[in-house]
Amino acid sequence: QVQLVESGGGLVQAGGSLRLSCTASGRTFSSYAMGWFRQAPGKEREFVAAINWSGVSTSYPDSVKGRCTISRDNVKNTVYLQMNSLKPEDTAVYYCAADRRIGGSLGVLEYEYPYWGQGTQVTVSS
């Protein structure tokens, strides 16, 4: 199993930037694909970004493509989400998720990730 702890959320003005971090416990972090999801009040959780075990392959939905970058440091057991040009509609709780997979396509659905962090709040003011 892996335990995930997110950090880096906060209040930022529209147009600003934030970098979220997610640190994983355990010695097998490099064997996990990692994802970021978010959930706004009254809405379903939605996919934000994913990265494969090596960091070579990434995936984003159109809503954040070009504004968000996911990356990872397998030495530090940490995955990052750099968010730029933030908009009020980016306001949500952001969750880090892990899936123990080496190959195959990156998961973009909640059920594909068995391990989740507790979330970090991101609020973008207009």
>> Before you tell me yes or no, could you show the steps for M83 and V122 under side chain to side chain contact (heavy atoms under 4.5 Å, CB included), namely the whole-Å CA-CA distance, both residues' side-chain angles and the distance that decides it to 0.1 Å?
In response: CA-CA 10 Å; M83 302 188 293; V122 172; 4.0 Å; yes

>> Show, in sequence, the C-alpha distance, side-chain angles and deciding distance for Y60 and I70, and conclude whether the side chain to side chain contact (heavy atoms under 4.5 Å, CB included) test is met.
In response: CA-CA 9 Å; Y60 308 91; I70 188 170; 3.4 Å; yes

> Run the side chain to side chain contact (heavy atoms under 4.5 Å, CB included) check on V64 and R38 step by step: do they pass?
Replying inline: CA-CA 11 Å; V64 305; R38 66 186 181 186; 4.1 Å; yes

> Between V2 and R100, is a side chain to side chain contact (heavy atoms under 4.5 Å, CB included) present by the stated rule, with each step listed?
Replying inline: CA-CA 9 Å; V2 62; R100 189 160 190 170; over 6 Å; no

> Can N84 and S17 be said to form a side chain to side chain donor-acceptor pair (under 3.5 Å), step by step?
Replying inline: CA-CA 4 Å; N84 301 322; S17 298; 2.9 Å; yes

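Cluster annotation: Y95 and L109 are assigned to the same hydrophobic cluster (Ile/Leu/Val/Met/Phe/Trp/Tyr, side-chain heavy-atom contacts under 4.5 Å, transitive). Put simply, Y32 and F37 are part of two different groups of oily side chains (I, L, V, M, F, W, Y) that touch within less than 4.5 Å, one to the next. The hydrophobic cluster containing M34 does not contain W116, counting ILVMFWY residues as joined when their side-chain heavy atoms lie under 4.5 angstrom apart, directly or transitively. When hydrophobic clusters are built by joining Ile, Leu, Val, Met, Phe, Trp and Tyr residues whose side-chain heavy atoms come closer than 4.5 Å, directly or via intermediates, V79 is grouped together with L18.
The structure places OG1 of T123 at 11.0 Å from CG of D90, a figure rounded to the nearest 0.5 Å. We find the OG-CD distance between S105 and E112 to be 7.0 Å, quoted to the nearest 0.5 Å. Distance check: S30 OG to W53 CH2 gives 7.0 Å after rounding to the nearest 0.5 Å. Taking OG1 of T58 as the reference point, atom CG of L106 lies at 7.5 Å (rounded to 0.5 Å). Within the model, atoms CD of Q13 and OG of S126 stand 9.5 Å from one another, a figure rounded to the nearest 0.5 Å.
Using a 4.5 Å cut-off on side-chain heavy atoms (C-beta onward), W36 and C96 make contact. Two residues are said to be in side-chain contact when any heavy atoms from C-beta on lie closer than 4.5 Å; Y94 and E6 fail this criterion.
Looking at R72, its side chain never comes within 3.5 Å of a backbone N or O of A33 through a donor-acceptor pair. For T91 (side chain) and V124 (main-chain N/O), a donor-acceptor pair under 3.5 Å exists by modelled atom type. Judged by distance alone, the side chain of N77 and the main-chain N or O of F29 form no donor-acceptor pair under 3.5 Å. A donor-acceptor pair is defined here as one N or O able to donate and one able to accept, closer than 3.5 Å; such a pair exists between the side chain of Y113 and the backbone of G107.
T120 and G9 get closest at one heavy-atom pair: OG1-N, 3.2 Å. Scanning all heavy atoms of the two residues, the minimum distance from L81 to C68 falls at CD1-CB, 4.1 Å. In this structure, L4 and A24 approach most closely via the heavy-atom pair CD2-CB, 3.6 Å. Nearest heavy-atom pair across R67 and L86 is NH1-CA, 3.9 Å. Between L11 and S125, the closest heavy-atom pair is CD1-CB, 4.3 Å. Pairing each heavy atom of A98 with each of P114, the nearest pair is O-CD, 3.2 Å.
A salt bridge links K65 with D62: the closest approach of a Lys/Arg side-chain nitrogen to an acidic carboxylate oxygen falls below 4.0 angstrom.
Applying the 6.0 Å contact sphere to CD of Q118 captures more than 12 heavy atoms from other residues, nucleotides or ligands.
Y80 carries R19 over the face of its six-membered ring, with the cationic atom under 6.0 Å from the centre and within 45° of the normal.
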